[in-house]
Amino acid sequence: MELTFLGTASAYPTPSRCVSCTALRYKDWVWLFDCGEGSQIQLMKSSLKPGKISKIFITHLHGDHAFGLPGLMCTISQNNQRSEPVEVYGPIGLRNFLQVSLGVSRAEMGFSFVVHELQPIPEQLPPELWDIDKVEQCSLHPNETPGTIIHCNKDLIWTV
């Protein structure tokens, strides 16, 4: 098992540190935890192969944890021969963020993907500046398989 820190800066990247992104490699697969801007560049500097990423976990939707995701999805698509979809997990709103980003840029994927969203409990939601819950859901991306909404159990654990 190998852990690679691709970004360790918080909210503000520096010339020597990108924002949040950590990769866990085990045998033939890679799981990514967060994907701040610059993650794809850091990934290219590492010994990790983008096409080996099988799961991406976004902890929360602040930009320093998610703004790199659309670009990374396009990087994974380059010269990719995968048969299994990339699974993306994160809070409610992640799918909409990815849909809008990939949709307005007309990004075509050379692989399929699925977005699973975790439903937060009310105590986890910040006060809203505007009502984002009423944003209309986009149709599926041509390469997207429908995902699920994951609710926590009585012990407040989300099983992914």
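All values below were derived from every heavy atom in this structure, side-chain atoms included, with hydrogens, water molecules and symmetry-related copies excluded. This one's a predicted model, so the numbers in the text were calculated from it and none came from an experiment.
Here NE2 of H116 is found 7.0 Å from NZ of K55. Values are rounded to the nearest 0.5 Å. E2 contributes atom CD, which lies 15.0 Å from atom NZ of K27 (distance to the nearest 0.5 angstrom). The distance from the CG atom of L98 to the CZ atom of F113 is 5.0 Å, given to the nearest 0.5 Å. Rounding to the nearest 0.5 Å places CD1 of I76 at 7.5 Å from CG of L32. Between the NZ atom in K52 and the CG atom in L43 there is a gap of 13.0 Å [rounded to 0.5 Å]. To the nearest 0.5 Å, atom OG of residue S101 and atom CG of residue L69 are 8.0 Å apart.
Here the side chains of T75 and P50 are in contact, with some heavy-atom distance below 4.5 Å. Between F111 and P85, every side-chain heavy-atom pair lies at or beyond the 4.5 Å cut-off. Using a 4.5 Å heavy-atom cutoff, the side chains of S54 and R82 are in contact.
For residues 103-115, the set of pairs meeting the side chain to side chain donor-acceptor pair (under 3.5 Å) definition, not counting sequence neighbours, is empty.
Residue-environment remark: NE2 (H60) exceeds the threshold of 12 foreign heavy atoms within 6.0 Å. Environment of CD1 in I41: sparse, with no more than 12 heavy atoms of neighbouring residues, nucleotides or ligands closer than 6.0 Å.
A distance-only check finds a donor-acceptor pair linking the side chain of N153 to the backbone of D155 [under 3.5 Å]. In this structure a side-chain-to-backbone donor-acceptor pair under 3.5 Å is missing from Q119 to I149.
Heavy atoms only, all atoms of each residue included: P91 and E117 are closest at O-OE2, 3.7 Å. Between Q40 and G71, the shortest heavy-atom distance links the atoms OE1-O, 2.7 Å. The nearest pair of heavy atoms linking L6 to Q42 is O-CG, 3.1 Å. Scanning all heavy atoms of the two residues, the minimum distance from L61 to I92 falls at CD1-O, 3.5 Å. Taking every heavy atom of both residues into account, A107 and H141 meet most closely at O-NE2, 2.9 Å. Of all heavy-atom pairs between C21 and S39, the closest is CB-OG, 3.3 Å.
Both M109 and I58 belong to a common hydrophobic cluster when Ile, Leu, Val, Met, Phe, Trp and Tyr are linked at side-chain heavy-atom distances under 4.5 angstrom. V114 and V30 end up in different hydrophobic clusters when Ile, Leu, Val, Met, Phe, Trp and Tyr side chains are linked at under 4.5 Å.
Not counting sequence neighbours, the partners of S47 by the side-chain hydrogen bond (donor to acceptor under 3.5 Å, both in side chains) test are R25. For H151, there are no ring-ring contact (aromatic ring centres under 6.0 Å, His included) partners at least two apart in sequence or on another chain.
The other residues sharing a hydrophobic cluster with V100 are V104, where clustering joins ILVMFWY side chains under 4.5 Å apart. With a 4.5 Å cut-off between side-chain heavy atoms of Ile, Leu, Val, Met, Phe, Trp and Tyr, the cluster of L140 takes in none. Within the hydrophobic cluster formed by Ile, Leu, Val, Met, Phe, Trp and Tyr side chains joined at under 4.5 Å, directly or through other members, F57 is accompanied by M1, L3, F5, L24, Y26, W29, W31, F33, Y89, L118, I121, I150, L156, W158, V160.
Inspection of the S20 and D64 side chains reveals no N or O donor paired with an N or O acceptor under 3.5 Å.
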